[in-house]
Each structure stands twice: as C-alpha cells, then as structure tokens.
Asks: 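The following block contains the structure, expressed as structure tokens.
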Amino acid sequence: IETVKKLIHEGNVRSITIRDKNRKTIVKFPLTVGVVGAAIAPILAAVGAIAALVTDLTITVERNQK
C-alpha cells in the first residue's frame, strides 16, 4: 500500500506541458490526468501525440518545484 501511495504522490508532483515552437504554453496538467486520459482513450492519446510531433509542438514532463 505504501508503494502505491508513493507512486500516486509522484504522479501528482509531475506535470505535462505542451508548448508551441515559440515556447508559449498551450496546456499544462498533472501527469495523473494524462495517464488516466490515455488509459480511457488510448487512440485519442496516440493521435494527440502524433499531432503534436507533426505541428512542431513540444511535450515535456516536469517536476513541480514545491
């Protein structure tokens, strides 16, 4: 149970940021939301990732400084 709690905590302190080629942030959300979304709709997640690569968007996973 402690391992699961630690993994959930680690998921909540990381975020996914999508930026355009000018480094302007388009969307930012917790990693947990991204994982749940990818589990619910994996085809949409794959299409989104491919679209980001084709349109010069940058996807980064970062640790929040708390």
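Below, each value reflects all heavy atoms present in this structure, side chains not excepted, and no hydrogens, waters or symmetry copies.
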Asks: Are Val27 and Val33 co-members of a hydrophobic cluster defined by side-chain heavy atoms under 4.5 Å apart?
Replies: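 In one cluster with Val33: Val27, yes.
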
Asks: Test of understanding: with side-chain contact (heavy atoms from CB on, under 4.5 Å), list the residues that count as partners of Thr25, not counting sequence neighbours.
Replies: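 In terms of side-chain contact (heavy atoms from CB on, under 4.5 Å), with neighbours along the sequence ignored, Thr25 is linked to Thr17, Arg19, Lys28.
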
Asks: List in chain and number order the residues that pass side-chain contact (heavy atoms from CB on, under 4.5 Å) with Leu57, two or more places apart in sequence or in another chain; answer none if no residue qualifies.
Replies: Ile18, Asp20, Ile26, Ala52, Thr55

Asks: Residues in side-chain contact (heavy atoms from CB on, under 4.5 Å) with Val36, at least two apart?
Replies: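 Here the qualifying residues are Ile40.
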
